[in-house]
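Keep in mind that this is a model prediction, so the values were computed, not measured. Chain A is the first sequence line, chain B the second, and so forth, proteins listed ahead of strands; every chain is numbered from 1.
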2 protein chains.
Amino acid sequence: MARKPTKAATPPAVRANAKDSAHAGNDAVPASSRATRAAERRAAIVDAAMEEFIARGFAATRLDDIAKRAGVAKGTIYLHFKDKESMFEELVRTVIVPVVTRLTALPPPAGSVRDLVETFASNFLKEVIGTRRGDLVRLIVAEGPRFPSVADFYYREVVSRGIAAMRSLIELGIARGEIRQKNLAHYPQILVAPAMIAVIWQSLFARHAPLDAQDMLRVHLDLIFGERSTT
Amino acid sequence: MARKPTKAATPPAVRANAKDSAHAGNDAVPASSRATRAAERRAAIVDAAMEEFIARGFAATRLDDIAKRAGVAKGTIYLHFKDKESMFEELVRTVIVPVVTRLTALPPPAGSVRDLVETFASNFLKEVIGTRRGDLVRLIVAEGPRFPSVADFYYREVVSRGIAAMRSLIELGIARGEIRQKNLAHYPQILVAPAMIAVIWQSLFARHAPLDAQDMLRVHLDLIFGERSTT
DNA sequence: TGACTATGACTGACCGGTCAGTCATATCGT
DNA sequence: ACGATATGACTGACCGGTCAGTCATAGTCA
């Protein structure tokens, strides 16, 4: 106790900063039920946390910094998350799930297998490579061993699904005669390896030697499907 | 606080435990010049540090643990390294350089390009994939962004060299007609991508789904060079 | 509708534990 | 015996997590 022994009346101004909502324009000031504001704050915390975790890694990230970036007091974080660790885990889920959902939604069964794969690659490029999401993937690689639950989740929700999807695509390609290498179906990892490398490369070496991920992926597909007749 | 304010005379017995050399049998007690012993200790510290950094990451690793594992007092570490950070940097150099040296030493210009590449892959498999060194690579990926000097070093000494070596191998393969895809020379990353993926996979997902890296690499080479006639 | 109360979201000073780095002291090699 | 080497107790900064207190908003009643 004995917090603030004197100073019964707290400075009035301070709270003001909350009014114009700290972060860039999103909400009309009034349009906020409690629930809405809570959701906004939670989102702000998740964003801030992602930024900080990516920049510093789990252990070196300070909750104080996350709070400051989110425009929130440290205590507020604990209204939304049990502790630092579960915040990290939930963050991964929150960010990853929508991406997987979006990427998995490959509706058009039209065209060749190569077109299918190319569409997928193109989406992956836009959604992941070189984005904050890509950095998140690197972060998962980095922290995975220390967070078995995160690694498990990631394997279950992303890796195993991705591998399975790629495998069936490969098998289709083989069946249709678009892919020569029969054994490729045993190692769908080979199909996605360059994409993963691109993610990591952009995170680590982009400033040493920029990489044209799109072109690299194209060359890789040429390798698997044979060179394209048209450009 | 109030750490032991008095107590000028420290208990005498305690220090005794150091005499019988804490860790398992390594050194015949007498056979050691100063320089030799110093080198041994330094090596022990590097080993211990690698182990701990791999297991916990940079920020979460405690110098006390490294010291204990190395069978050395914490202060001793500071006789060999300026601080935690430069210890990490030197560790990376110390471990990486010999591997690169060994891997770069590909003397036999005999045989086909495929044989050359296969030898390289085989060495890489033995020296890196699934070893402590592989974990180190993952660690560099993990900590790289926070240690520009490490990332720079790694790019300069490993990545750019590796890429260059692979490129000239690819160009040779193209010149000799072993490799169809001319554009492959633009992206040597494609050649090594599966190997890198294997490194990461072993670190993260081996317990979920073991990966036969050797076989995967073989399939990948089949993809690039065409299926092998012989096994 | 306007005044009055209840609720719980939010704050930030504080606590306690942890750990990188220091240094007085002890031990060893020559 | 004396400098070089090693030790580990100690310090002080730092940071995750807590909680008493505040106040905007929702709910209630006349």
Side-chain angles (χ1 to χ4, degrees), chain A residues 1-19 21-22 29-42 44-45 49 52 56 58-68 70-88, chain B residues 1-19 21-22 29-42 44-45 49 52 56 58-68 70-88:
Chain A
M1 44 24 196
R3 317 304 180 69
K4 211 94 66 72
T6 50
K7 196 56 135 354
T10 323
V14 181
R15 186 165 302 273
N17 78 331
K19 69 155 195 305
S21 76
V29 183
S32 299
S33 73
R34 293 234 234 209
T36 307
R37 280 197 44 94
E40 278 169 9
R41 290 195 152 222
R42 196 195 156 89
I45 293 171
E52 294 290 328
R56 302 196 210 298
F58 178 81
T61 291
R62 288 170 298 239
L63 273 309
D64 282 319
D65 288 347
I66 293 177
K68 192 176 301 179
V72 146
K74 182 150 61 129
T76 305
I77 292 175
Y78 288 89
L79 300 175
H80 293 274
F81 302 94
K82 181 170 146 289
D83 58 14
K84 196 186 182 187
E85 200 163 315
S86 62
M87 177 168 57
F88 178 67
Chain B
M1 43 28 196
R3 320 298 179 67
K4 217 84 74 61
T6 51
K7 192 58 128 0
T10 323
V14 181
R15 188 165 304 272
N17 77 333
K19 70 155 194 305
S21 77
V29 185
S32 300
S33 76
R34 291 234 230 201
T36 307
R37 280 199 45 93
E40 278 169 9
R41 286 187 164 236
R42 197 194 154 89
I45 292 171
E52 295 288 330
R56 300 194 212 298
F58 178 81
T61 290
R62 288 170 298 239
L63 273 308
D64 282 321
D65 289 348
I66 294 176
K68 192 176 300 180
V72 148
K74 182 151 61 134
T76 305
I77 293 176
Y78 287 87
L79 300 175
H80 293 273
F81 303 95
K82 181 171 145 289
D83 58 14
K84 195 186 180 187
E85 201 164 313
S86 63
M87 177 168 57
F88 179 66

Item to check | Spacing between K74(B) atom NZ and dC23(C) atom P, to the nearest angstrom | outcome: 13 Å

Next on the checklist: Just N and O in the side chain of R41(A): are any of them under 4.0 Å from OP1 or OP2 of dT11(C)?
Outcome noted: yes

Next on the checklist: So, taking the atom named NE2 in H80(A) and the one named CE in M87(A), what distance separates them when rounded to the nearest 0.5 Å?
Outcome noted: 11.5 Å

Item to check | Sugar-phosphate, base or nothing in reach of L63(A), heavy atoms under 4.0 Å | outcome: sugar-phosphate

Checklist entry - Under the criterion side chain to side chain contact (heavy atoms under 4.5 Å, CB included), which of I77(A), L79(A), D83(A) is the partner of F81(A)? => result I77(A)

Item to check | Closest-nucleotide ordering on DNA chain D, the 5'-leading residue of T61(A) and T76(A) | outcome: T61(A)

Checklist entry - Does R62(A) have a side-chain nitrogen or oxygen under 4.0 Å from the phosphate oxygens OP1 or OP2 of dC14(D)? => result no

Next on the checklist: Just the rounded figure in Å: distance from P of dA20(C) to CZ of F88(B).
Outcome noted: 14 Å

Checklist outcome for this item: Between CG of D64(B) and P of dT22(C) the distance, given in whole Å, is 14 Å

Checklist entry - Between dG16(D) atom C1' and F81(A) atom CZ, what is the distance in whole Å? => result 16 Å

Checklist entry - Do the non-hydrogen side-chain atoms of D64(B) and K68(B) ever get within less than 4.5 Å of each other? => result no

Next on the checklist: Output the rounded distance in Å from CG (L79(A)) to P (dC19(D)).
Outcome noted: 13 Å

Item to check | Distance in angstrom units between D65(A) CG and dC15(D) P, rounded | outcome: 8 Å

Item to check | Y78(A) OH to I45(A) CD1 distance, which is reported to the nearest 0.5 Å | outcome: 11.0 Å

Item to check | Between C1' of dG17(D) and NE2 of H80(A), the distance in whole Å | outcome: 16 Å

Checklist outcome for this item: From CD of E85(A) across to P of dC15(D) the rounded distance in Å is 18 Å

Next on the checklist: Classify K84(A) by what it touches in the nucleic acid, base, sugar-phosphate, or nothing, heavy-atom distance under 4.0 Å.
Outcome noted: sugar-phosphate

